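First the structure, in the form of structure tokens, and then the observations on it.
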Amino acid sequence: MKRFTAVILMLLCLCLCACNNTVFPFVSGGADDGVSASPPKIRPLHYDSFKDLKKAINKENKLYAELSEMGANETTTANFKAFVEKYQSQKVIIPYLNGKEIELQNEEGFSNISFYPSEAYNLPCIFFHPKVSTGENLYINMTYIPEDIINDQENPTASEVIKALAPNAANVDNLGDAHKNIYNKTITLADREVTAMVIEHKDDKRNSTYFVYGDLLVEVRDNPEVWNEKWFSELSFQPCK
């Protein structure tokens, strides 16, 4: 009887260990805006520096092999290849602050750069995690706008691009339950003015600020008290050196 009880207890322990080691998929911070069509199905690729990212982009065949190993479908693979080819042709555009490559967070256990093969709108995108004076999780996320949207609309705003990508997503005319306010705002960057779409959240002091920069759709997840107008006025996107 004692041996039977011991076996039962051992089996229970094994079950508990298995449950505790369950791995859940990572979902990015942008999904709560109602913008992401679905959580990413393919794990992101992580890089420590801009040079590491550039090196990976310039070895695109290796990237495609990695994506294939992760089991990406044809649509994800096609979108990923289009992104990489355009990104390579534009010499790997990255965020600059005050004319210099933006400083990355370099926090142990956290990624500096995350490249998602499929994320918001099922498009590839890159998350940059700069150093923040307050230690908050603020980031810059960018993806390329599909060419059909660029061709159909002359100088579209972020609101118009998001409307074309996902008609039911959060927008200036579509306030969700989690949003306090959504509005368009003119923002001055280092080299241009843009009409940004700003999402204020009810339960998060960070805003989601979207704008179009050339053929990029950029999201800045910012605390306006930390990344303020002066910070935005020093922000630009240029090729990696």
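Position 1 is the first residue of the sequence, and the numbers go up from there. The structure displayed is predicted, hence computed values, not measured ones.
- Across every non-hydrogen atom of Leu67 and Thr76, the tightest pair is CD2-O, 4.4 Å.
- Here CD of Gln153 is found 11.5 Å from NZ of Lys163. Values are rounded to the nearest 0.5 Å.
- Salt-bridge annotation for Glu66 and Lys62: absent, with no side-chain N of the basic residue lying under 4.0 Å from a carboxylate O of the acidic one.
- Under the 4.5 Å side-chain heavy-atom criterion for ILVMFWY residues, a single connected hydrophobic cluster contains both Val84 and Ile94.
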Discussion item. Set out, in order, the CA-CA distance, both residues' side-chain angles and the distance that settles side-chain contact (heavy atoms from CB on, under 4.5 Å) for Asn122 and Thr75, then state yes or no.
Written reply: CA-CA 9 Å; Asn122 296 320; Thr75 300; over 6 Å; no

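- Transitive grouping of hydrophobic side chains (ILVMFWY, heavy atoms separated by less than 4.5 Å) brings Phe50 and Met142 into a common cluster.
- Between the CZ atom of Arg206 and the CD atom of Glu136 there is a distance of 8.0 Å, given to the nearest 0.5 Å.
- Side-chain contact between Val161 and Thr157: absent, with no pair of heavy atoms (C-beta onward) separated by less than 4.5 Å.
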Query raised in the report: Please walk me through it: do Glu85 and Glu60 pass side-chain contact (heavy atoms from CB on, under 4.5 Å)?
Result: CA-CA 8 Å; Glu85 288 170 5; Glu60 69 270 27; over 6 Å; no

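- Checked by atom type, the side-chain pair Glu200/Asn207 shows no donor-acceptor distance below 3.5 Å.
- The environment of Lys55 atom NZ is sparse: at most 12 non-hydrogen atoms of other residues, nucleotides or ligands sit within 6.0 angstrom.
- Asn171 places no side-chain N or O within 3.5 Å of a backbone atom of Asn174 that could act as its donor or acceptor partner.
- Between the Asn151 side chain and the Glu147 main chain, a donor and an acceptor come within less than 3.5 Å of each other.
- One hydrophobic cluster, built from ILVMFWY side chains closer than 4.5 Å, holds both Met70 and Leu63.
- For the pair Thr77 and Asn73, the minimum side-chain heavy-atom distance is 4.5 Å or more.
- Using a 4.0 Å cut-off between charged nitrogen and carboxylate oxygen, Lys202 and Asp177 do not count as a salt-bridge pair.
- A pairwise comparison of heavy atoms in Val218 and Tyr213 identifies CG2-CB, 4.2 Å as the closest pair.
- A distance of 11.5 Å separates CG in Asn112 from CD1 in Ile102, rounded to the nearest 0.5 Å.
- Nearest approach of Asp52 to Tyr47, heavy atoms of both residues: O-CD2, 3.9 Å.
- In this structure the side chain of Glu229 never reaches within 4.5 angstrom of the side chain of Thr188, judged on heavy atoms.
- In this structure a side-chain-to-backbone donor-acceptor pair under 3.5 Å is missing from Asp215 to Ile145.
- Although no hydrogens or angles enter the test, the distance criterion places no donor-acceptor pair under 3.5 Å between the side chain of Ser236 and the main chain of Ala190.
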Applying ring pair (Phe, Tyr, Trp, His ring centres under 6.0 Å) to Phe115 and Phe80, what does each step give before you reach the verdict?
CA-CA 10 Å; Phe115 187 3; Phe80 183 76; 5.1 Å; yes

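- In this structure a side-chain-to-backbone donor-acceptor pair under 3.5 Å is missing from Asn141 to Phe127.
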Exercise for review: Check step by step if side chain to side chain donor-acceptor pair (under 3.5 Å) holds for Gln90 and Tyr144.
Suggested key: CA-CA 11 Å; Gln90 295 184 352; Tyr144 282 108; 2.8 Å; yes

Q: Go through the steps to decide whether Tyr121 and Asn79 satisfy the test side chain to side chain donor-acceptor pair (under 3.5 Å), and finish with yes or no.
A: CA-CA 11 Å; Tyr121 321 115; Asn79 289 339; over 6 Å; no

Audit row: Tyr87, Ile126, side-chain contact (heavy atoms from CB on, under 4.5 Å) steps and yes/no: CA-CA 11 Å; Tyr87 200 42; Ile126 300 180; 3.5 Å; yes

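- Atoms CG and NZ, from Leu216 and Lys86 in turn, are 8.5 Å apart once rounded to the nearest 0.5 Å.
- At a threshold of 4.5 Å between non-hydrogen side-chain atoms, the residues Phe83 and Leu123 do not count as touching.
- By the 6.0 Å contact criterion, CG on Asp173 is enclosed, its count of non-hydrogen atoms from other residues, nucleotides or ligands being greater than 12.
- Closest non-hydrogen pair, Ile162 versus Ala169, comes out as CG2-CB, 4.2 Å.
- Between Cys240 and Lys91, every side-chain heavy-atom pair lies at or beyond the 4.5 Å cut-off.
- Tyr139 and Pro130 make their closest contact through CA-CD, 4.1 Å (heavy atoms, listed as atom of the first residue, atom of the second, distance).
- Ion pair Asp204/Arg221 flagged as a salt bridge, since at least one NZ, NE, NH1 or NH2 atom sits closer than 4.0 Å to an Asp/Glu carboxylate oxygen.
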Test log, rule side chain to side chain donor-acceptor pair (under 3.5 Å), inputs Asn184 and Thr195: CA-CA 6 Å; Asn184 285 328; Thr195 300; over 6 Å; no

side-chain contact (heavy atoms from CB on, under 4.5 Å) between Leu138 and Trp231, intermediate numbers included: CA-CA 13 Å; Leu138 309 183; Trp231 183 89; over 6 Å; no

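- The shortest side-chain heavy-atom distance between Glu193 and Leu189 does not fall under the 4.5 Å cut-off.
- With rounding to the nearest 0.5 Å, the separation of CG in Leu217 from CG in Leu165 is 7.0 Å.
- Taking hydrophobic clusters as Ile, Leu, Val, Met, Phe, Trp and Tyr residues chained together by side-chain heavy-atom distances below 4.5 Å, Phe232 shares a cluster with Tyr96.
- Under the 4.5 Å side-chain heavy-atom criterion for Ile, Leu, Val, Met, Phe, Trp and Tyr, Ile140 and Val194 are members of the same hydrophobic cluster.
- Phe110 CZ: 12 or fewer foreign heavy atoms inside a 6.0 Å radius.
- Between the side chains of Ser111 and His129, no donor N or O sits under 3.5 Å from an acceptor N or O.
- Val198 is not listed as a side-chain neighbour of Tyr210, based on a closest heavy-atom distance of 4.5 Å or more.
- Looking at Ser68, its side chain never comes within 3.5 Å of a backbone N or O of Tyr64 through a donor-acceptor pair.
- Taken to the nearest 0.5 Å, the CG atom of Asp222 stands 4.0 Å off from the OG1 atom of Thr209.
- For the pair Asn155 and Glu160, the tightest heavy-atom approach, listed with the atom from each and the gap, is O-OE1, 4.4 Å.
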